[in-house]
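A short write-up of the structure that comes next.
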Amino acid sequence: QVQLVESGGGSVQTGGSLTLSCAASGYTASSGCMGWFRQTPGRERELVARIWSGGTTLYAASVKGRFIISRDNAKNTMFLQMNSLKLEDTAMYYCAAGPDWTCTSKDFPDWGQGTQVTVSS
């Protein structure tokens with residue numbers, strides 16, 4: 001059974017940084033696609049970053065140049081380094097995992113419970 005556990009969320013001021021972690025069990029992080037989504041009430045869920053098994057990464061335009069997705073295969077953990085945070089980055093952040101093709105389909109079978117990120121001025 002796949003379990004994904006996010007951590008690292010919190011409150012930060014605009015311009016600050018946070019790094020989220022997603023620890024995987026029952027799933028080998030390097031074997032497929034992993035991604036970070038975010039959602040705020042009343043808004044559509046957004047896939048902000050994804051990483052394929054081979055290491056290729058892709059970012060949403062809203063975070064490109066500010067966020068970095070990475071993976072530590074030895075720790076079976078994925079990270080999202082978030083820099084230059086803006087008010088609009090406030091959201092619940094979820095990690096997701098699945099086969100490589102889910103990086104394209106965005107239809108991930110496995111999800112974490114989420115971690116809240118709040119950016120204030």
Side-chain angles (χ1 to χ4, degrees):
Q1 184 177 355
V2 176
Q3 187 173 18
L4 303 172
V5 179
E6 302 98 334
S7 61
S11 298
V12 64
Q13 291 189 319
T14 53
S17 298
L18 278 176
T19 298
L20 306 183
S21 300
C22 174
S25 59
Y27 174 84
T28 301
S30 60
S31 69
C33 178
M34 296 189 77
W36 287 99
F37 286 81
R38 67 184 180 187
Q39 189 166 27
T40 55
R43 295 188 65 180
E44 191 172 328
R45 186 174 61 193
E46 177 185 21
L47 177 56
V48 298
R50 70 200 98 162
I51 182 167
W52 275 260
S53 62
T56 299
T57 59
L58 190 63
Y59 298 91
S62 58
V63 306
K64 193 172 183 179
R66 300 188 298 122
F67 289 13
I68 301 171
I69 188 171
S70 63
R71 189 178 62 214
D72 185 329
N73 295 336
K75 296 182 178 180
N76 216 33
T77 300
M78 175 181 63
F79 303 95
L80 185 69
Q81 181 180 338
M82 305 185 295
N83 302 314
S84 302
L85 284 162
K86 303 177 180 180
L87 295 175
E88 53 264 41
D89 293 319
T90 295
M92 183 70 79
Y93 284 72
Y94 300 89
C95 70
D100 252 358
W101 54 261
T102 57
C103 264
T104 302
S105 72
K106 305 179 187 180
D107 186 20
F108 291 83
D110 298 301
W111 293 81
Q113 294 300 306
T115 185
Q116 177 69 36
V117 172
T118 303
V119 184
S120 59
S121 58

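Here CH2 of W101 is found 9.5 Å from CZ of F108. Values are rounded to the nearest 0.5 Å. Rounding to the nearest 0.5 Å places CZ of R50 at 10.0 Å from OG1 of T57. With rounding to the nearest 0.5 angstrom, the NZ atom of K86 is 15.0 Å from the OG atom of S121. The OG1 atom of T104 sits 9.0 Å away from atom CG of L58, with the distance rounded to the nearest 0.5 Å.
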Donor-acceptor list for residues 28-36 side chains, cut-off 3.5 Å, not counting sequence neighbours:
| unit_1 | atom_1 | unit_2 | atom_2 | d |
| --- | --- | --- | --- | --- |
| S31 | OG | T28 | O | 2.6 |
| W36 | NE1 | F79 | O | 3.3 |

Check: residues 41-48 side-chain donor-acceptor pairs under 3.5 Å, at least two apart:
| unit_1 | atom_1 | unit_2 | atom_2 | d |
| --- | --- | --- | --- | --- |
| E46 | OE1 | R38 | NE | 2.8 |
| E46 | OE1 | R38 | NH2 | 3.2 |
| E46 | OE2 | S62 | OG | 2.7 |

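In this structure, M78 is a member of the same hydrophobic cluster as Y59, with clusters built from ILVMFWY side-chain heavy atoms closer than 4.5 Å. Cluster membership for V12 and L80, using ILVMFWY side-chain heavy atoms within less than 4.5 angstrom, is shared. One hydrophobic cluster holds both V63 and V119 under the rule that ILVMFWY side chains link at heavy-atom gaps under 4.5 Å. F67 is not connected to M92 by any chain of hydrophobic side-chain contacts under 4.5 Å among Ile, Leu, Val, Met, Phe, Trp and Tyr, and they are in different clusters.
L18 and G8 make their closest contact through CD2-O, 3.8 Å (heavy atoms, listed as atom of the first residue, atom of the second, distance). For the pair T118 and Q116, the tightest heavy-atom approach, listed with the atom from each and the gap, is OG1-NE2, 3.5 Å.
Other residues, nucleotides and ligands place more than 12 heavy atoms under 6.0 Å from the CD atom of E88. The environment of CD in Q39 is crowded: more than 12 heavy-atom neighbours from other residues, nucleotides or ligands sit within 6.0 Å.
Between the side chain of Y27 and the backbone N or O of G98, at least one donor-acceptor pair lies under 3.5 Å. No side-chain donor-acceptor contact under 3.5 Å links D100 to the backbone of W52. A donor-acceptor contact shorter than 3.5 Å is absent between the side chain of Q81 and the backbone of T19.
Of the residues Y94, Y93, W111, the one that meets the ring pair (Phe, Tyr, Trp, His ring centres under 6.0 Å) test with F37 is W111.
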After noting the C-alpha distance and the side-chain angles of L20 and E6, does the key distance pass the side chain to side chain contact (heavy atoms under 4.5 Å, CB included) rule? CA-CA 7 Å; L20 306 183; E6 302 98 334; over 6 Å; no
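Put simply, the side chain of C95 does not reach to within 4.5 Å of the side chain of S21, judged on heavy atoms. Residues R66 and D89 form a side-chain contact, since some pair of their non-hydrogen atoms from C-beta on lies under 4.5 Å apart.
Of the N and O atoms on the side chains of S17 and N83, at least one donor lies less than 3.5 Å from an acceptor on the other residue.
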